[in-house]
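Here is the structure we will look at.
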Amino acid sequence: MANIGYIALLLALVAAIYSAIAFIFGARGRHPGVRDSARNGLLAVSGLVSISVAILVYALVTHDFRIEYVASYSSHDTSLLYLLSALWAGNAGSLLLWAWLLSLFATVVVLQKRDVGKELVPYASAIIMATEAFFLILLLFISNPFHKLAFTPADGIGLNPMLENPGMVFHPPVVLAGYVGFTIPFAFAIAALLTRRLGDDWIIAIRRWILLAWLLLGVGNIIGAWWAYVELGWGGYWAWDPVENAGLMPWLVATAFLHSIMMQRRRGMLKVWNMVLIILTFSLAIFGTFLTRSGILSSVHTFSESGLGPFFLVFIGITLLGSFGLLYYRSDELESEAEMESLVSRESTFLLNNLLFVGAAFTILLGTIFPVISEAVRGVKISVGAPFFNQVNGPIFLAVILLTGVCALIGWRRASIKNLLRSFLWPLVGTVILGTGLFLMGVREWYALVAFLVSGFVLFTILYQWLREIRARHRVKADNYLKAFWGLLQANQPRYGGYLVHIGILLIAIGIIGSSFYDVEKEAVLAPGESMTIKNYTLTYENMDRYETQSKLVVSATLSVHNEGKLKGKLVPEKYFHRNHEQPVTEVAIRTTPIEDLYVILVGWDEDGTASFKVLVNPLVIWIWIGGGVLVLGGLIAFWPDRQKRPVSGQARTRRG
Ligand code: HEM
Ligand code: HEM
């Protein structure tokens, strides 16, 4: 079976190379026969890689430990759900998933019915197939998921116990799908450069693809943050770990791109910049895949050194040189059709928003690769640590948030100050009331206060703007408010999807500010019956329990929780000792409310029954997950197919004069 999986990958490589070449020849020579066969080649790639995936999944489920990958990431104890998830637990499996998802996305690209950008499809497909060929080469010659051992072990090593969490089912495939998704807009951008079709067609053709990839990577990162919070047992959700940064950087640049393509469609501006952004987004996604596999930086989830690094560097080098060279060659044809008319305009806020997003990505990149730079220059690896990232990015993200509010109220071209003041008045009143309330509640740290007020102001601004739009529709159409709300949403999904995404970001910001500035931490060693207090909570250690399951020994401590004298329930933090793995796994116990999380970690214990605990009170964390949910909803609404045909291309533009 393993041989069939490998041969399928080999045939897929041949088909991908053939298809990439045939697409270019077919399009240039206008030979429909060649183009059809290129398309069939692409579909064959998809089928063949699907066969490989099916074979690896079958090997995992049937415990074929002769295959090294199966023996390394699964065992007889692994449950079905995690046997399936083992497909992306290791280097070779997750690269196979990359190649598979890309082949599926490519299939959708060639089968999709489209009114705009048809001429770009053959060239874009050729770029996608070239990328596919790169991943297939890695799978075939460097990181073979079907590599066989010389003997068949009785049992496999099994999944790292830390990965046995629902996060494992969703987080890796979703982040990887986001990474992979960026290939499609990148391929269309290069196709536009190659064919000199540099109008808006490529942007119209890829808007939903970029939204999808952006959404997947964003959700994947949020699930990762949630997983880190509930599983890693250090009390936080973001450690500025290199792989976390690798997930954030392309997301930030993609967010800039999502906005700057609006500038091109509306005003014919930023054409070169849009190309730069999508080239960077794709390169950062590949760079992220490289970072995890290069072994150059240590992270909670990097794979050991795999020999893949140089291949990725060459691929990234070719991508950057080729794309920027082509862009330079075509730059004369990408001139802006309009100029900035006023500093107080949506264009200027968009420009600033773009600079901030790219600036944030750049500083994160610098901080991430600093150990490598310092080793090259001074011979020692120096990591910059979380304070650097927080100090640099805190103000940048705060400025982004402020802009989100300002932008919603400013029209394209030139805004009237009188209009602006009218729009800001009520949100400002709301912010003053919020500020007074927070001050009275004891929020005195000026940075936190400013951050809360900026977020509050922007939230009020968006809600107020939305309300005004609903009221206007209610007046014009005589609909009731609910119907007016629904009607607006249906009439302009991208706009209101965008509003919701912005609200989601604000909720996330509120959660981050609360938990970063006002978290409280305490450690205590308690004998059974003893209590500790933290903020308004009293925790009483009741007893310790030990029991064995089929695969592990569990040690669990039970604590009763009182808040201001009232019993609120019990918390049971645990430690797992898996038979096949040395490292124990911490299972934290969390009590969540809209105000704060009580987070308890069982650190250690003695034979006499005393146990040591680390307890944190993390304010407002739940709003990060709720914000994530709102962001997904908004993203889906913006992504949803538009039932009304909007004017496309240059017709939608607000031209000068
Ligand atoms: C804020 C938190 C996190 C972020 C932003 C994040 C980001 C990422 C990214 C970008 C990848 C794709 C890497 C690649 O394959 O090239 C990835 C994969 C993965 N992540 Fe995370 N992650 C987070 C937390 C976690 C946690 C807490 C765990 C487990 C304890 C975890 C387990 C995995 C696994 C198993 C993979 C698939 C294997 C791999 O591709 O590395 N992640 N994550
Ligand atoms: C982290 C911060 C931000 C995120 C994640 C975000 C995300 C999004 C998304 C996904 C959309 C929908 C795009 C589409 O449908 O094609 C959108 C729309 C929009 N965004 Fe943002 N955005 C952020 C910050 C900003 C900032 C700083 C500004 C202003 C400079 C801004 C202005 C807009 C505008 C004007 C729209 C279109 C809504 C409309 O049609 O009126 N956004 N945003």
Side-chain angles (χ1 to χ4, degrees), residues 85 88-91 93-95 97-98 159-160 162-165 167-168 171-176 178-179 207-208 210-211 214-215 217-218 220-232 236-252 254-256 258-259 261-262 265-266 285-293 299-303 346-354 356-357 360 397 399-412 458 465 469 492-502 504-506 508-509 585 631 634-635 637-639:
S85 307
W88 44 79
N91 194 2
S94 72
L95 282 178
L97 183 65
W98 228 107
L159 204 60
N160 179 340
M162 210 163 65
L163 300 181
E164 293 201 359
N165 174 292
M168 184 61 187
H171 161 75
V174 175
V175 254
L176 285 175
Y179 272 180
R207 177 183 158 265
R208 293 184 63 225
I210 186 73
L211 256 174
W214 169 88
L215 189 60
L217 184 58
N221 285 343
I222 294 172
I223 300 174
W226 170 82
W227 191 2
Y229 186 65
V230 300
E231 186 73 41
L232 296 188
Y237 41 80
W238 194 276
W240 297 107
D241 166 278
V243 180
E244 293 174 3
N245 297 349
L248 186 59
M249 288 183 289
W251 186 84
L252 288 171
T255 312
L258 268 178
H259 291 91
I261 55 175
M262 286 185 223
R265 281 192 71 183
R266 292 297 196 101
I286 301 285
F287 178 72
T289 317
F290 154 73
L291 209 59
T292 322
R293 293 163 176 83
S299 144
V300 271
H301 51 350
T302 47
F303 300 112
R346 193 169 275 190
E347 286 88 331
S348 63
T349 56
F350 263 45
L351 208 58
L352 197 57
N353 130 337
N354 264 244
L356 289 170
F357 279 121
F397 288 136
V400 166
I401 286 172
L402 186 61
L403 266 186
T404 315
V406 175
C407 188
L409 298 185
I410 296 187
W412 294 101
V458 175
Q465 171 80 1
E469 287 167 24
N492 199 344
Q493 289 155 224
R495 181 185 183 83
Y496 295 101
Y499 277 20
L500 266 180
V501 169
H502 295 163
I505 290 287
L506 288 163
I508 292 176
V585 176
L631 182 142
I637 289 174
F639 173 79

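Numbering of ligands and ligand atoms starts at 1, following listing order.
Heavy atoms of Trp251 found under 4.0 angstrom from ligand 2 belong exclusively to the side chain. By the criterion of a heavy-atom distance under 4.0 Å, the side chain of Thr255, and not its backbone, is placed next to ligand 2. For Leu403, heavy-atom contacts with ligand 2 shorter than 4.0 Å involve the backbone as well as the side chain. The proximity of His502 to ligand 2, defined as any non-hydrogen pair under 4.0 Å, is limited to the side chain. Of all the heavy atoms of Val175, the ones lying under 4.0 Å from any atom of ligand 1 belong exclusively to the side chain. Within the 4.0 Å heavy-atom criterion, the part of Tyr179 lying near ligand 1 is the side chain and not the backbone.
Using a 4.5 Å heavy-atom threshold, the side chains of Asn165 and Trp226 count as touching. Looking at Asn353 and Val400, their side chains never come closer than 4.5 Å, going by heavy atoms from C-beta outward. Ile222 is not listed as a side-chain neighbour of Tyr237, based on a closest heavy-atom distance of 4.5 Å or more.
Taking 4.0 Å as the cut-off, Ser94 counts as a neighbour of ligand 1 on heavy-atom distance. Ligand 1 lies out of reach of Glu231, whose nearest heavy atom is not under 4.0 Å from it. In this structure, Gln493 does not count as a contact residue of ligand 2, since none of its heavy atoms falls inside 4.0 Å of the ligand. In this structure, Phe357 has a heavy atom closer than 4.0 Å to ligand 2. For Trp214, the heavy-atom gap to ligand 2 drops under 4.0 angstrom.
With distances taken over non-hydrogen atoms, the option nearest atom 36 (C) of ligand 1 out of Gly93, Gly178, Pro172 is Pro172. Remark: among candidates Arg208, Arg495, His259, the nearest residue to atom 17 (C) of ligand 2 is His259, based on non-hydrogen atoms.
The main-chain N or O of Phe350 is found under 3.5 Å from a side-chain atom of Asn354 such that the two form a donor-acceptor pair. Judged by distance alone, the side chain of Glu244 and the main-chain N or O of Ala239 form a donor-acceptor pair under 3.5 Å. Using modelled atom types, no side-chain atom of Trp88 and backbone atom of Gly93 make a donor-acceptor pair closer than 3.5 Å.
Against a heavy-atom cut-off of under 4.0 Å, Gly498 is close to the following atoms of ligand 2: 11 (C), 12 (C), 17 (C), 18 (C). Listed by number with element, the atoms of ligand 2 under 4.0 angstrom from any heavy atom of Thr349 are 30 (C). Numbered from 1 in the order shown, with element, the atoms of ligand 1 that lie under 4.0 Å from a heavy atom of Ala228 read 27 (C). The ligand atoms of ligand 1 that sit less than 4.0 angstrom from a heavy atom of Leu176 are 14 (C), 15 (O). Counting the atoms of ligand 1 from 1 in the order shown, those under 4.0 Å from a heavy atom of Ala225 are 1 (C), 2 (C). The Leu258 neighbourhood of ligand 2 comprises atoms 10 (C), with distances under 4.0 Å to a heavy atom of that residue. Every atom of ligand 1 with a heavy atom of Trp238 under 4.0 Å away is listed here by number and element: 1 (C), 5 (C). Close contacts between ligand 1 and Tyr237 involve ligand atoms 1 (C) [criterion: under 4.0 Å to a heavy atom]. Close approach to Gly288 involves these atoms of ligand 1, each under 4.0 Å from a residue heavy atom: 16 (O). Per-residue contacts place Leu163 under 4.0 angstrom from the following atoms of ligand 1 (heavy atoms of the residue considered): 29 (C), 35 (C). Residue-ligand proximity, Ala638 to ligand 2, at heavy-atom distances under 4.0 Å covers atoms 15 (O). Of all the atoms in ligand 1, the ones that sit under 4.0 Å from a non-hydrogen atom of Gly247 are 10 (C).
Taking Glu164 as the reference, nothing meets the salt bridge (Lys or Arg N to Asp or Glu O under 4.0 Å) condition, with sequence neighbours excluded.
Some N or O of Arg293 is nearer than 3.5 Å to an N or O of ligand 1, by distance alone. Between Glu244 and ligand 1, no pair of N/O atoms sits closer than 3.5 Å. Taking distance alone, with nitrogen or oxygen atoms compared against 3.5 Å, Thr292 approaches ligand 1 more closely than that limit.
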Begin with the C-alpha distance, continue with both residues' side-chain angles, and end with the deciding distance and a verdict on side-chain contact (heavy atoms from CB on, under 4.5 Å) for Arg293 and Ser94. CA-CA 11 Å; Arg293 293 163 176 83; Ser94 72; 2.5 Å; yes
Taking it one step at a time, do Leu163 and Glu231 satisfy side-chain contact (heavy atoms from CB on, under 4.5 Å)? CA-CA 9 Å; Leu163 300 181; Glu231 186 73 41; over 6 Å; no
The test is side-chain contact (heavy atoms from CB on, under 4.5 Å); show your working for Leu291 and Asn245 and say whether it passes. CA-CA 10 Å; Leu291 209 59; Asn245 297 349; over 6 Å; no
Yes or no on side-chain contact (heavy atoms from CB on, under 4.5 Å) for Leu211 and Leu258, after CA distance, side-chain angles and deciding distance? CA-CA 7 Å; Leu211 256 174; Leu258 268 178; 3.9 Å; yes
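Here the closest heavy-atom approach between residue Leu252 and residue Ala360 is recorded as CD1-CB, 4.0 Å. Nearest heavy-atom pair, Asn221 versus Gly247, reported as atom, atom and distance to 0.1 Å: ND2-O, 2.9 Å.
Leu356 contributes atom CG, which lies 11.5 Å from atom CD1 of Ile401 (distance to the nearest 0.5 angstrom). For the atom pair CG (Leu176) and CG (Leu217), the distance works out to 9.5 Å, reported to the nearest 0.5 Å.
Classified by interplanar angle (parallel below 30°, tilted 30° to 60°, perpendicular above 60°), the ring pair Phe287/Phe290 is tilted. Aromatic ring pairs are classed by plane angle as parallel below 30°, tilted from 30° to 60° and perpendicular above 60°; the pair Trp227 and His171 is perpendicular.
Among the atoms of Cys407, none of the N, O or S atoms falls under 2.8 Å from atom 21 (Fe) of ligand 2.
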